[in-house]
Amino acid sequence: MDKCLIIGSTVCDVVINVDKLPTTAGDVHISSQQMILGGCAYNVVSVLHHLGVPYTFISPVGTGMYGEFVARELYKKGIQTEVRVEGENGCCYCFVEHHGERTFMSHHGVEYTFNPEWLDGLNIEDYKYVYICGLEIEERDGDKLIDTLTHIDATIIFAPGPRGNLIPRERMERVYQLSPIVHLNEQEIMEQTGCDTVEAALEVMYRKTRNKIVVTQGEQGAIIYDGVITHVPGETVTVKDTIGAGDSHAGAFISSLAKGMDDKSALTFANTVAGEVVQVSGVGLSDEVWDKIRFKR
């Protein structure tokens with residue numbers, strides 16, 4: 001089984017459930033709130049962890065209330081990162097409306113930093129896949145991360161995310177030159193290419209990366225493009241919230257590649273995992289659900 005290197009943030013998500021977001025100067029009551037682990041890289045590595053895929057997790061954890069929460073919860077879950085740094089962690093406020101869609105308001109701390117020295121001691125040749133998220137590329141150490149990736153002979157899995165169009169153009173072009181597998185949703189790929197249709201956006205991005213592109217489509221499933229579109233349908237489920245659904249889809253897709261599955265089978269499995277995640281709050285699937293998913297696989 002191939003080994004994966006996951007680089008990025010672990011965040012304290014403050015999930016706030018509300019019937020509807022207030023307008024300016026509004027006043028609403030929330031129905032519930034909770035603190036859970038989140039962050040794109042954590043959501044990805046959580047899937048690998050539960051599926052027994054070998055990985056190394058490079059995720060800086062700092063100080064303060066949120067840093068201590070992250071360190072404590074990672075320990076409980078048996079997911080380890082050796083990177084502890086000075087400076088406070090931020091957090092992400094996740095507002096979830098009655099229909100399950102989420103709105104994020106984030107305060108970034110040291111969890112979004114990167115230092116190439118964190119990879120010292122690793123045998124980089126051991127890794128077949130490396131995952132990175134657009135948030136780390138956008139932040140202050142984005143160029144350092146890209147510089148590091150240029151010296152890694154592995155397949156990059158790149159998830160630009162909803163802020164991908166805010167990443168400086170020169171940085172995005174440098175990432176594309178690494179020929180990554182890009183993982184994103186329909187809205188993201190159209191915004192980041194300036195195209196009006198997914199089909200046109202796929203062609204534009206493929207000319208830049210010359211590698212596979214995975215586009216999630218919610219309950220419609222997902223597509224993978226390598227010059228030809230392959231669509232794999234999803235399942236209709238009752239959505240509780242969509243927090244981490246795309247990240248979990250990416251984690252399941254990477255896990256499947258690491259286990260040697262073909263693209264269509266990998267996409268089918270990723271759709272199944274994401275379908276389970278949207279039925280719960282956050283990305284915390286129970287052991288029973290993971291057992292069911294593994295059985296399906």
Side-chain angles (χ1 to χ4, degrees), residues 4-15 35-49 55-94 102-119 122 129-146 148-149 156-164 166-168 171-172 175 180 183-184 188 242-251 254 277 282-284:
C4 305
L5 179 61
I6 310 300
I7 301 174
S9 63
T10 304
V11 178
C12 173
D13 281 349
V14 182
V15 181
M35 292 169 59
I36 60 175
L37 283 182
C40 296
Y42 167 75
N43 294 339
V44 168
V45 87
S46 178
V47 176
L48 274 65
H49 182 76
Y55 66 85
T56 297
F57 190 32
I58 302 297
S59 186
V61 180
T63 60
M65 177 177 72
Y66 299 120
E68 294 306 316
F69 173 83
V70 167
R72 183 170 63 249
E73 293 300 310
L74 284 176
Y75 177 79
K76 288 180 182 178
K77 295 180 183 300
I79 298 176
Q80 294 185 349
T81 173
E82 302 299 327
V83 183
R84 295 301 301 265
V85 297
E86 292 298 324
E88 291 193 0
N89 275 50
C91 70
C92 179
Y93 298 99
C94 312
R102 86 289 184 276
T103 301
F104 293 152
M105 298 177 66
S106 300
H107 171 58
H108 287 187
V110 296
E111 70 273 20
Y112 285 100
T113 59
F114 177 76
N115 187 332
E117 294 179 359
W118 296 341
L119 303 187
L122 298 182
Y129 299 102
V130 179
Y131 167 87
I132 58 169
C133 168
L135 289 172
E136 279 75 28
I137 299 298
E138 178 189 352
E139 284 286 348
R140 70 181 194 196
D141 295 330
D143 282 320
K144 292 181 183 179
L145 178 53
I146 298 170
T148 299
L149 295 173
I156 307 298
I157 313 292
F158 176 46
R163 293 178 57 86
L166 299 178
I167 297 173
R171 288 188 186 179
M172 189 67 89
V175 174
H183 186 286
L184 68 183
E188 291 165 356
T242 59
I243 295 172
D247 302 331
S248 298
H249 191 282
I254 296 168
V277 167
V283 298

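Only this structure's heavy atoms are used, side chains among them; waters, hydrogens and symmetry mates stay out.
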Colleague: What closest approach, in Å, do Pro162 and Glu188 show between heavy atoms, and which atom pair accounts for it?
Modeller: N-OE2, 3.2 Å
Colleague: For Leu37 and Phe69, run side-chain contact (heavy atoms from CB on, under 4.5 Å): C-alpha distance rounded to whole Å, both residues' side-chain angles, the deciding distance at 0.1 Å, then the answer.
Modeller: CA-CA 9 Å; Leu37 283 182; Phe69 173 83; 4.1 Å; yes
Colleague: With rounding to the nearest 0.5 Å, note down the distance linking OH in Tyr42 to CD in Glu73.
Modeller: 8.5 Å
Colleague: Would you give the length of the straight line joining atom CG of Asn43 to atom CG of Leu48, rounded to the nearest 0.5 angstrom?
Modeller: 12.0 Å
Colleague: Please check if the side chain of Arg84 supplies one atom and the backbone of Gly62 the other of a donor-acceptor pair under 3.5 Å.
Modeller: yes
Colleague: Quick one, Val70 and Val11 - any side-chain contact, counting heavy atoms below 4.5 Å?
Modeller: no
Colleague: Answer yes or no: is there a donor N or O on one side and an acceptor on the other, between the side chain of Thr81 and the main chain of Ile58, under 3.5 Å?
Modeller: no
Colleague: Between Arg163 and Glu136, is there a salt bridge with N-O shorter than 4.0 Å?
Modeller: no
Colleague: Could you give the distance from SG (Cys12) to CG (Asn89), rounded to the nearest 0.5 Å?
Modeller: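 Answer for the SG-CG pair, Cys12 versus Asn89, is 9.0 Å.
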Colleague: Give, for atom SG of Cys92 and atom CG of Asp13, the distance between the pair rounded to the nearest 0.5 Å.
Modeller: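 Answer for the SG-CG pair, Cys92 versus Asp13, is 5.0 Å.
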Colleague: Once you measure the plane-to-plane angle for His108 and Tyr112, does it fall in the parallel (<30°), tilted (30-60°) or perpendicular (>60°) bin?
Modeller: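 His108 and Tyr112: parallel rings.
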Colleague: Tyr55: what forms a side chain to side chain donor-acceptor pair (under 3.5 Å) with it, not counting sequence neighbours?
Modeller: His49
Colleague: Under a 4.5 Å cut-off applied to non-hydrogen side-chain atoms, are Leu5 and Leu122 in contact?
Modeller: yes
Colleague: Under a 4.5 Å cut-off applied to non-hydrogen side-chain atoms, are Thr148 and Pro116 in contact?
Modeller: yes
Colleague: About how many Å separate CZ of Phe114 and CD1 of Ile146, when rounded to the nearest 0.5 Å?
Modeller: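 Answer rounded to 0.5 Å: 11.0 Å.
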Colleague: Would you call Thr103 and Tyr93 a side-chain contact if the rule is heavy atoms closer than 4.5 Å?
Modeller: no
Colleague: Nearest 0.5 Å, please: how far is CZ in Arg171 from CD1 in Ile137?
Modeller: 7.5 Å
Colleague: So, Glu111 side chain and Gly90 main chain: donor-acceptor pair closer than 3.5 Å or not?
Modeller: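 Yes, the answer is positive, given that a donor and an acceptor are paired below the 3.5 Å cut-off.
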Colleague: Partners of His183 by side chain to side chain donor-acceptor pair (under 3.5 Å), sequence neighbours excluded?
Modeller: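 So His183 forms a side chain to side chain donor-acceptor pair (under 3.5 Å) with His249.
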Colleague: Any side-chain to backbone donor/acceptor pair from Asp141 onto Thr113? Under 3.5 Å, distance only.
Modeller: no
Colleague: Check Tyr129 against Ile157 and note the closest heavy-atom contact, atom names and distance.
Modeller: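 Minimum heavy-atom contact is CD2-CD1, 4.2 Å.
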Colleague: Checking the side chain of Ser59 only, and the main-chain atoms of Thr10 only, is there a donor and an acceptor separated by less than 3.5 Å?
Modeller: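 Yes, Ser59 side chain to Thr10 backbone: donor-acceptor pair under 3.5 Å.
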Colleague: Indicate the atoms forming the closest heavy-atom contact of Val85 with Pro60, along with that distance.
Modeller: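 Nearest heavy atoms, Val85 then Pro60: CG2-CB, 4.3 Å.
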Colleague: How close do Phe57 and Gln80 get, counting heavy atoms only, and between which atoms?
Modeller: CB-O, 3.5 Å
Colleague: Who pairs with Ala159 by side chain to side chain contact (heavy atoms under 4.5 Å, CB included), at least two apart in sequence or on another chain?
Modeller: Tyr131
